[in-house]
Amino acid sequence: MVTAPLSPAKPRANAPRPDPAALLAWYDRHRRALPWRALPGQAADPYRVWLSEIMLQQTTVRAVKPYFERFLALFPTVDLLAAAPAEDVMKAWAGLGYYSRARNLHACAQAVAAEHGGRFPASEVGLRALPGIGAYTAAAIASIAFDQRAIVVDGNVERVVTRLFTVEQALPKAKPLIRDLADGLTPDARPGDFAQAMMDLGATICTPKSPACGLCPWREPCQARIEGTQESYPRKEKKSGGALRFGAAFVAVRDDDTVLLRTRPPKGLLGGMTEPPGTAWSTDFDPDEALGLAPLKADWRRCIGVVDHTFTHFPLRLTVFRADVPAETPAPEGCRWMPIATLDGEALPTVMRKAVALGLGG
DNA sequence: AATCCGTGGGA
DNA sequence: TTCCCAAGGAT
């Protein structure tokens with residue numbers, strides 16, 4: 001708990017202190033039904049909570065739902081996930097993004113299986129030591145799955161808290177202050193429900209744009225609403241996007257209806273994922289010089305159009321070349337021929353799926 | 001501590 | 001179109 005009164009960025013002239021009980025009462029009436037969420041009064045399954053929390057990192061509920069269901073069907077328990085081949089995990093994750101999460105997910109499952117007897121640690125410290133589990137996720141699992149008081153601060157909580165207290169400091173510098181303010185709000189009872197209530201509030205009421213303040217259980221104590229400045233919080237430093245990079249991808253199609261693919265290096269961008277052979281990406285790449293970099297000698301034809309894709313930190317434009325080659329053509333070093341019919345099951349990230357699609361279509 | 005790391009949807 | 005955003009973590 002907070003021992004000394006914290007000084008918010010602004011004095012709160014008229015706002016009363018937000019009451020956790022009011023939020024919990026709102027949650028009891030309006031909580032979202034989610035596949036990984038236990039029904040009221042029922043115990044949460046740590047495996048489901050963990051799996052969902054990893055998937056939900058920087059990812060929307062809508063995007064996660066089908067992946068969550070698929071993972072649960074494919075890997076019903078943490079032990080089965082631990083025993084599964086890494087390749088199967090990457091294939092199941094393909095399209096969700098942030099692929100280091102999938103590698104860490106697998107490593108975490110193996111650690112839980114081997115070092116914890118297949119049960120997740122119940123403490124924040126124990127959870128924090130596992131791969132892919134940081135401060136947020138450890139607090140979320142400890143509170144939601146094990147009913148322990150923990151300070152859960154995600155993007156939703158940051159938005160709710162900065163509005164409640166009109167925190168003027170910009171993210172990410174404001175994180176320590178936000179955490180202290182969240183600490184002051186977190187009750188001893190029902191910590192898991194409180195954490196989920198904060199996130200539901202942020203997701204459905206206290207939204208980034210056009211928040212539904214009229215429906216908010218904390219509309220009275222919210223300083224930003226009083227001042228009418230809700231949408232200006234949280235303050236953020238704006239970051240600049242990277243420069244456009246160019247590259248080429250080579251889609252070789254063999255007469256036996258297979259495509260040439262390879263696996264990217266385990267770390268870094270799209271680490272461990274599948275792709276057609278291609279060039280490095282750079283800001284000054286010239287597509288006219290790409291043919292010298294093709295993976296095999298063939299009659300390469302440039303496909304009409306390009307693949308445009310935007311990563312978190314830079315936009316990419318891929319020129320795609322296609323060649324049709326005889327069925328006996330051997331795969332170059334580090335590459336393999338894979339049936340077109342089974343491409344859906346490959347660990348192709350979205351950008352590479354686009355490239356292959358353009359190559360096959362053009 | 002600042003960067004890197006995906007993707008799809010909405011305004 | 002362009003920008004921002006979504007239950008962050010690792011280095």
Side-chain angles (χ1 to χ4, degrees), chain A residues 31-32 34-37 44 48-68 90 93-105 107-108 127-145 150-160 171-173 175-176 178-179 182 192 194-204 206-211 231 234 236-242 244-245 264-273 275 307-316 347-354:
Chain A
R31 54 180 285 159
R32 291 177 291 175
L34 299 171
W36 45 86
R37 185 174 277 180
R48 286 178 169 239
V49 172
W50 164 72
L51 180 59
S52 68
E53 290 299 340
I54 301 301
M55 287 185 166
L56 286 162
Q57 289 168 3
Q58 299 291 287
T59 309
T60 58
V61 166
R62 175 188 300 186
V64 164
K65 276 182 179 174
Y67 282 86
F68 179 82
M90 300 311 286
W93 198 277
L96 239 202
Y98 286 135
Y99 299 100
S100 66
R101 290 186 297 173
R103 293 195 303 274
N104 288 144
L105 183 85
C108 182
L127 289 162
R128 183 70 181 76
L130 292 166
I133 298 184
Y136 160 75
T137 305
I141 297 174
S143 64
I144 298 171
I151 312 308
V152 180
V153 182
D154 72 329
N156 289 303
V157 175
E158 287 176 348
R159 190 167 55 253
V160 170
L171 288 169
K173 284 190 174 181
K175 282 178 179 288
I178 293 170
R179 201 205 115 89
F194 179 80
Q196 294 177 93
M198 288 286 274
M199 293 189 270
D200 275 20
L201 187 71
T204 65
C206 196
T207 50
K209 295 171 185 174
S210 305
E231 291 196 46
K236 288 186 180 178
E237 309 281 5
K238 42 179 107 173
K239 33 183 115 174
S240 55
L244 177 61
R245 300 183 198 180
R264 292 176 62 89
K267 293 188 177 181
L269 184 67
L270 308 178
M273 302 300 285
E275 67 175 2
V307 170
D308 281 321
H309 190 81
T310 303
F311 294 102
T312 305
H313 286 285
F314 66 91
L316 173 69
L348 283 165
T350 298
V351 61
M352 297 308 174
R353 221 165 266 281
K354 290 183 194 171

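Across all strands, A:Thr137 comes closer than 4.0 Å only to sugar-phosphate atoms, never to a base (heavy-atom distances). Residue contacts shown for A:Pro131 are limited to sugar-phosphate atoms, with no base heavy atom under 4.0 Å away. Across all strands, A:Arg32 comes closer than 4.0 Å to base atoms (heavy-atom distances). Heavy atoms of A:Leu34 sit under 4.0 angstrom from at least one base atom. Residue contacts for A:Ser100: at a heavy-atom cut-off of 4.0 Å it reaches no nucleic acid atom on any strand shown. Residue contacts for A:Ala195: at a heavy-atom cut-off of 4.0 Å it reaches no nucleic acid atom on any strand shown.
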Would you tabulate the nitrogen or oxygen pairs shorter than 3.5 Å linking the protein to nucleotides 2-6 of chain C?
from, atom 1, to, atom 2, distance (Å)
C:dA6, OP1, A:Arg159, NH1, 2.7

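A salt bridge links A:Arg32 to A:Asp200: at least one charged side-chain nitrogen sits closer than 4.0 Å to a carboxylate oxygen.
For the pair A:Ile54 CD1 and C:dA10 C1', the computed distance is 13 Å after rounding to whole Å. The distance from atom CH2 of A:Trp36 to atom C1' of C:dA7 is 9 Å, rounded to the nearest whole Å. Atom CD in A:Glu53 sits roughly 13 Å away from atom C1' in C:dG9 (whole-Å rounding). As rounded to whole Å, 9 Å separates atom P of C:dG8 from atom NZ of A:Lys175.
Under the salt bridge (charged side-chain N to carboxylate O under 4.0 Å, His left out) criterion, A:Arg101 pairs with no residue, sequence neighbours left out.
For A:Arg101 against C:dA7, no side-chain N or O and base N or O form a donor-acceptor pair under 3.5 Å.
Where DNA chain B meets chain A (any atom under 4.0 Å from a heavy atom), the bounding nucleotides read 5' to 3' are B:dC4 to B:dG10.
Across the C1' atoms, C:dA10 and B:dA1 are found 13 Å apart, a figure rounded to whole Å. For C:dC5 and B:dG6, the C1' atoms lie 13 Å apart once the distance is rounded to whole Å.
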